[in-house]
Amino acid sequence: MKLYNTLSRKLENVVPLSGKNVRIYSCGPTVYDHAHIGNLTAYVYSDTLQRVVGAAGFNVTRAMNYTDVDDKTIRRSHEQFPQADPKVALTLLTDKYIAVFLEDMQRIGNDTKHVTFIRATDPKTMQGMRDLIAALHAKGFAYVADDGVYFSIDAYRKSGKVYGQLSEITAADTSEERIQNDEYDKESVHDFALWKTQKDGEPAWDFTLDGHDLKGRPGWHIECSVMSRQALGQPFDIHTGGVDHIFPHHENEIAQSTALEANPVMATVFVHSEHMLVDGRKMSKSLQNFYTLSDITNKGYDPLAFRVKVLQSHYRNSVNFTWESLDAAQNLLTNLRAWADLKHQKTAHNTSDELAESYANALRAIREALFDDLNTSLALGHLAQLANESETLGVHPEKIQPMLNIADQLFGLQLSERPTINDTQKSMIAKRQTAREAKNWAKSDQLRDQLKEQGIIVRDTTNGPIWQRT
RNA sequence: GGCGCCGUGGCGGAGUGGUUACGCAGAGGUCUGCAAAACCUUGUACACCGGUUCAAAUCCGGUCGGUGCCUCCA
């Protein structure tokens, strides 16, 4: 399969570093509030990457971090738990939003079972960060300042390595204004914090370096360098994130992770997803176009309709979220479900070879599209076409279930395990049919209404009644 | 200023140097107790201006517009 690698700015074949094993690290959320739909978009794409790499025949290992200590989490934890000890407050806040995040992930169909989630404040991560900072310091890549420990990009460059390979940033790119406004005590404007010493009221972890008492907390970038190495080893295969991570976050991760290594490669492929826009504009609270998943579900949309909406775009293009396009996604999801429900209904069964062949063809086209840099839009189009054709062609009784299983593996739309209706409901449909044949429209309509209340919609086709769950 | 992404029919949205993407919505028709679905027909899509070419929406250049990053950010 091919992926666009931000490092080379080209499509590249996925070639694992080790056998058939592909190790993926995804930058996860800062858990200080509900994720917004833009955040969730990025996770739908990275989840799809995990699914597709697996479907391509590789063994996937994936890790994702929780940034559970930073300015925002600390500020929020003070606001929400003003009486609590700072560390306790932080844990209360981040526990809450980790739970919310996991629930959102599951609601939109992301696989959370095959991902290792790691907290920045996990003791193992903390110790790893202290160790890495100390090692960087020992080799001259880090220096102690009044407010923390900084990474020296100058030292990194002097060691013969390239800083800025993802973003191609140069010193000239930093404006005069930024230099003048710089409030931190660092030697060069590019240098970034590895560790920040404690300010009043902040949660802090012990850290002693070269005789300095540096009780405080880690910087943002160091977390990912340590967690990815602890979980996956280094170098690993694929690093994912949003385009906003390219600089500075991933650039700095690479520098930290490779400063002490002969091989200056943190990960062989970097995959970055574009942002979601809402009504063609960046999401912002002031534009009132800032939504969470609950905002969507509270309007009656299925969370998986959001997934469909996201998958209808390509991850390297900005998705434009509009309510009208979410309507379209919801309708498509309903049609896909109606298709899946046909497997239970003999009147819709069709054992023709042509139908079996059309499944095989669609499957081939879907895999081809996904293996070509995750063309989810094209792939989903093929699936939708198959579902629409089933209205006239029916479904193949032996081939439909395997088809749905594979579709679920790739798209995560939960089509494969939809249950049949119960015996009472089946007999209601039969009674309704009898009533119709007797032209007892009042009774037949009444039965149809009753079924509808139970979430079963009945349609009359030339072959007989067909039901679908709403 | 530096580095990116993008501009496709009513709404979304792939893709491509010459051939229907697809989905959703709309109109007319067939079918139909009603409803729904399906099927048939239908809408003269590729921001603008130049250039290359037998042929460009697709390549090149420019213009305009949107959007993002430039140490909080999916």
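Just so we're on the same page: letters track the sequence lines, and every chain starts at 1. Worth knowing before you read on, the calculation uses all heavy atoms, side chains too, and leaves out hydrogens, waters and symmetry mates.
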Asker: Quick one: label Leu378(A) by what it contacts on the DNA or RNA (base, sugar-phosphate, nothing), any heavy atom closer than 4.0 Å.
Answerer: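 It contacts base atoms.
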Asker: Looking at every strand, decide which applies to Tyr45(A) at a 4.0 Å heavy-atom threshold: base, sugar-phosphate, or nothing.
Answerer: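 Nothing, no nucleic acid heavy atom in range.
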Asker: Does Asp47(A) have any salt bridge (charged side-chain N to carboxylate O under 4.0 Å, His left out) partners at least two apart in sequence or in another chain, and if so, which?
Answerer: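 Partners of Asp47(A) under the salt bridge (charged side-chain N to carboxylate O under 4.0 Å, His left out) test: Arg51(A), Arg307(A).
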Asker: I'd like to know if Arg107(A) pairs up with Asp104(A) as an ion pair, taking the criterion as any Lys NZ or Arg NE/NH1/NH2 lying under 4.0 Å from an Asp or Glu carboxylate oxygen.
Answerer: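 Looking at Asp104(A) together with Arg107(A), the answer is yes, because their closest N to O distance falls below 4.0 Å.
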Asker: Using the side-chain contact (heavy atoms from CB on, under 4.5 Å) rule, pick out the option among His245(A), His221(A), Gln165(A) that qualifies with His250(A).
Answerer: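 Running side-chain contact (heavy atoms from CB on, under 4.5 Å) over His245(A), His221(A), Gln165(A) with His250(A) returns exactly one hit, His245(A).
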Asker: Across the strands shown, which category fits Thr41(A) at heavy-atom distances under 4.0 angstrom: base, sugar-phosphate, nothing?
Answerer: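 Here Thr41(A) touches no strand at all.
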Asker: Using the side chain to side chain donor-acceptor pair (under 3.5 Å) criterion, which residues pair with Tyr43(A)? Sequence neighbours excluded.
Answerer: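 Tyr43(A) satisfies side chain to side chain donor-acceptor pair (under 3.5 Å) with no residue once adjacent residues are dropped.
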Asker: Output the rounded distance in Å from CG (Leu277(A)) to C1' (rG7(B)).
Answerer: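 It works out to 12 Å between those atoms.
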Asker: Whole angstrom is fine here: how far is it from NE2 in His275(A) over to P in rU67(B)?
Answerer: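 One finds 14 Å between P of rU67(B) and NE2 of His275(A), rounded.
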Asker: What would the secondary structure line of RNA chain B be in dot-bracket form, counting Watson-Crick and G-U wobble pairs under 3.5 Å, with [ ] for pairs that cross earlier ones and | for pairs with another strand?
Answerer: (((((((..(((.....[...))).(((((.......)))))....(((((..]....))))))))))))....
Asker: Can you tell me if Asn335(A) touches the phosphate of rG23(B), counting only side-chain N or O atoms and a distance under 4.0 Å to OP1 or OP2?
Answerer: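 The answer is no; no side-chain N or O of Asn335(A) sits under 4.0 Å from OP1 or OP2.
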Asker: Under the side chain to side chain donor-acceptor pair (under 3.5 Å) test, which residues partner Ser444(A), sequence neighbours left out?
Answerer: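 Ser444(A) satisfies side chain to side chain donor-acceptor pair (under 3.5 Å) with no residue once adjacent residues are dropped.
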Asker: Where each residue is assigned the nucleotide of RNA chain B containing its nearest heavy atom, which of Ser318(A) and Glu389(A) is assigned the position nearer the 5′ end?
Answerer: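 Result: Ser318(A).
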Asker: Indicate, with a heavy-atom threshold strictly under 4.0 Å, whether Ser444(A) touches base, sugar-phosphate, or nothing.
Answerer: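 Base, at least one base atom sits under 4.0 Å.
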Asker: Base, sugar-phosphate, or nothing for Arg316(A), non-hydrogen atoms under 4.0 angstrom?
Answerer: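 The residue Arg316(A) makes sugar-phosphate contact but no base contact.
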Asker: Side chains of residues 377-386 of chain A: which donor-acceptor partners sit under 3.5 Å, not counting sequence neighbours?
Answerer:
| residue | atom | partner | partner atom | Å |
| --- | --- | --- | --- | --- |
| Ser377(A) | OG | Gln312(A) | O | 2.9 |

Asker: With a non-hydrogen cut-off below 4.0 angstrom, is Gly38(A) in contact with a base, only sugar-phosphate, or nothing?
Answerer: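 Gly38(A): base contact, heavy atoms under 4.0 Å.
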Asker: Using a cut-off of 4.0 Å on non-hydrogen atoms, how would the nucleic acid contact of Asn388(A) be classed: base, sugar-phosphate, or nothing?
Answerer: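 Here Asn388(A) touches the backbone only, sparing every base.
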Asker: Does rC24(B) have its OP1 or OP2 closer than 4.0 Å to a side-chain nitrogen or oxygen of Asn331(A)?
Answerer: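 Looking at the OP1 and OP2 atoms of rC24(B), neither is under 4.0 Å from any side-chain N or O of Asn331(A).
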Asker: Which part of the nucleic acid, if any, lies within contact of Thr461(A), taking any heavy atom under 4.0 Å across all strands shown: a base, the sugar-phosphate backbone alone, or nothing?
Answerer: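 Nothing, no nucleic acid heavy atom in range.
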Asker: Using whole Å, report how far OH of Tyr163(A) lies from P of rC3(B).
Answerer: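 Tyr163(A) atom OH is separated from rC3(B) atom P by 17 Å.
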Asker: Name all residues meeting the ring-ring contact (aromatic ring centres under 6.0 Å, His included) criterion together with His36(A); count only those two or more places apart in sequence or in a different chain, and write none if there are none.
Answerer: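 Result, ring-ring contact (aromatic ring centres under 6.0 Å, His included) vs His36(A): Phe290(A).
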Asker: Between Arg9(A) and rG4(B), is there a contact of a side-chain N or O with OP1 or OP2 at under 4.0 Å?
Answerer: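 For rG4(B), OP1 or OP2 has a side-chain N or O of Arg9(A) closer than 4.0 Å.
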Asker: Using a heavy-atom cut-off of under 4.0 Å over every strand shown, decide if His314(A) touches base, sugar-phosphate, or nothing.
Answerer: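 Touches sugar-phosphate only.
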Asker: Please work out if Val458(A) contacts a base, only the sugar-phosphate, or nothing of the nucleic acid, heavy-atom cut-off 4.0 Å.
Answerer: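 Touches a base.
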Asker: If each of Asp445(A) and Asn375(A) is mapped to the nucleotide of RNA chain B with the nearest heavy atom, which maps nearer the 5' terminus, i.e. the 5' end?
Answerer: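 So the residue in question is Asn375(A).
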